[in-house]
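For reference, the structure is listed below as structure tokens.
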2 protein chains.
Amino acid sequence: MKESALLSQTTEYALRAMSCLAYMPDELVSTAQLAEVTHVPMNYLAKVLQLLAKSELITGRRGVGGGYRLNRSASEISLMDVINAIDPIDRIKSCPLKLENHSGKLCPLHARLDAAAKALIDTFDGISLADMFAEDPSIRPLCSAEMTTKVNLTFGQSD
Amino acid sequence: MKESALLSQTTEYALRAMSCLAYMPDELVSTAQLAEVTHVPMNYLAKVLQLLAKSELITGRRGVGGGYRLNRSASEISLMDVINAIDPIDRIKSCPLKLENHSGKLCPLHARLDAAAKALIDTFDGISLADMFAEDPSIRPLCSAEMTTKVNLTFGQSD
DNA sequence: ATGAATCAAGATATCTGTGTCTGATGATTA
DNA sequence: TAATCATCAGACACAGATATCTTGATTCAT
């Protein structure tokens with residue numbers, strides 16, 4: 001079959017947009033700008049941003065000069081927060097076969113699958129948007145130069 | 001949006017079927033029997049088994065008394081082998097935005113997503129089908145009693 | 001106030017994963 | 001050989017994720 005990504009395409013888009021917003025806190029960034037930098041189809045990104053806004057991770061402001069901005073600081077938003085806003089990773093709470101006769105316990109197979117899901121969730125819980133700026137400063141989230149130059153051009157910020 | 005499982009439905013089905021086959025090596029188990037025990041729609045399971053057969057994890061035998069059996073011993077088949085036969089977990093090899101200007105390196109975001117994918121793969125690589133029988137013997141893969149009794153009834157094996 | 005910019009919301013289109021069905025091929029039994 | 005069982009192979013149907021488009025509502029600048 002086809003390769004399957006760990007996260008859905010929509011979630012990937014959301015993470016890109018959030019990374020971008022984290023890069024310039026307190027600035028209002030329009031959907032069009034985000035779409036260009038993140039290379040996401042604009043009309044679709046608009047939908048994704050609406051979801052993020054509904055989850056109260058970001059706030060949208062209409063009108064001229066409008067756009068989106070983070071609701072909390074980048075260090076207080078984990079990757080898992082973003083993932084949860086779009087496609088939560090589901091834990092296996094009860095036997096998927098709907099068999100009753102093992103009191104609450106998962107079978108070895110599903111116990112291990114659930115453990116893997118938990119590990120993933122814990123990993124993403126432990127990474128904040130801010131963490132992604134804390135390394136080699138020559139490489140920015142969403143691929144350094146592209147983003148850095150585009151953004152600087154657009155907003156006239158000096159580095 | 002909707003909850004999204006770590007593995008696709010099809011992969012889940014494949015893991016169930018493989019667990020079942022691992023439980024009775026050297027027996028030929030028909031699609032109908034597997035479907036009943038694993039609670040998977042029979043016609044669809046038939047497709048999944050064909051995929052597993054094409055990947056040479058199992059071999060099908062036609063005709064009266066036919067069915068499927070493992071090609072290797074359960075201890076030599078990892079969960080990842082099964083997953084790879086259906087929907088491989090894809091690593092992020094290059095920038096999904098298709099930006100060229102960072103020589104081979106992933107940006108912090110995708111580097112972390114890829115690390116998570118690698119960790120998952122390593123986890124599933126380290127678990128064999130046989131491992132799932134090595135614990136509390138009262139709980140079998142695919143939910144103990146159900147499978148145990150059904151199987152014993154069907155094949156008349158004593159415990 | 002008027003017009004332009006921008007988000008909000010809903011309808012619609014497309015593609016892929018999931019699931020069903022039918023006929024063909026091969027194996028067993030009698 | 002004939003009949004039956006079960007996999008094999010392909011076509012078809014459906015639903016949900018992805019993507020597009022249109023219209024309305026809000027904000028800003030003039």
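Both backbone and side-chain heavy atoms feed into the values below; hydrogens, waters and symmetry mates do not. Convention: sequence-line order gives letters A, B, ...; per-chain numbering from 1.
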Near DNA chain D, counting only heavy atoms under 4.0 Å, which residues of residues 80-92 of chain B show up? none

Checking B:D26 now: which residues fulfil salt bridge (Lys or Arg N to Asp or Glu O under 4.0 Å) with it, not counting sequence neighbours? none

B:Y13: which residues meet the side chain to side chain donor-acceptor pair (under 3.5 Å) condition with it, sequence neighbours left out? B:Q9

Go through it in stages, so that I can follow the logic: the residues are A:L7 and A:E12, the test is side chain to side chain contact (heavy atoms under 4.5 Å, CB included), and I'd like the CA-CA distance, side-chain angles, deciding distance and then a yes or no. CA-CA 7 Å; A:L7 304 172; A:E12 157 82 21; 5.5 Å; no

Can you pull out every side-chain hydrogen bond (donor to acceptor under 3.5 Å, both in side chains) where at least one residue sits in residues 82-93 of chain A? Sequence neighbours excluded, please. A:S8-A:D87, A:T11-A:D87, A:R91-A:D114

Once side-chain contact (heavy atoms from CB on, under 4.5 Å) is applied, do any residues pair with A:P25, and if so which ones, sequence neighbours excluded? none

May I have the distance from B:Y44 (atom OH) to D:dG10 (atom C1'), rounded to whole angstrom? 15 Å

Residues at least two apart in sequence or cross-chain that pass side-chain contact (heavy atoms from CB on, under 4.5 Å) with B:N43, listed by chain then number, are none

Not counting sequence neighbours, which residues clear side-chain contact (heavy atoms from CB on, under 4.5 Å) with A:A32? List them please. A:S30, A:M42

Could you state the interatomic distance from CD1 (A:I89) to CD1 (A:I121), rounded to the nearest 0.5 Å? 5.5 Å

Here the distance between atom P of D:dT26 and atom CG of A:L28, to the nearest Å, is 18 Å

Rounded to the nearest angstrom, tell me the gap between atom CG in B:L34 and atom C1' in D:dA6. 12 Å

Which is more 5' along DNA chain C, the nucleotide nearest A:L49 or the one nearest B:L45? Just name the residue. A:L49

Using whole Å, report how far CG of B:N43 lies from C1' of D:dA13. 13 Å

Partners meeting side-chain contact (heavy atoms from CB on, under 4.5 Å) with B:S75 (sequence neighbours left out): B:S73, B:A130

Check if the side chain of A:Q9 and the base of D:dA17 share a donor-acceptor pair of N or O atoms closer than 3.5 Å. no

Would you say B:T31 reaches D:dT7's phosphate, i.e. side-chain N/O to OP1/OP2 under 4.0 Å? yes

In residues 56-72 of chain A, which ones come under 4.0 Å of DNA chain D, going by heavy atoms? A:R61, A:R62, A:G63, A:V64

Determine all donor-acceptor pairs shorter than 3.5 Å in which one atom belongs to a side chain in residues 45-57 of chain B; sequence neighbours excluded.
| from | atom 1 | to | atom 2 | distance (Å) |
| --- | --- | --- | --- | --- |
| B:S55 | OG | B:L51 | O | 3.1 |

Measure from CG on B:L51 to P on D:dT7 and round the result to the nearest Å. 15 Å

Taking any atom closer than 4.0 angstrom to a non-hydrogen atom of chain B, what span of DNA chain C does the protein reach, first nucleotide to last? C:dT18 to C:dT28

Write out all pairs satisfying salt bridge (charged side-chain N to carboxylate O under 4.0 Å, His left out) with one or both partners inside residues 67-80 of chain B, taking only residues at least two apart or from two chains. B:R72-B:D81

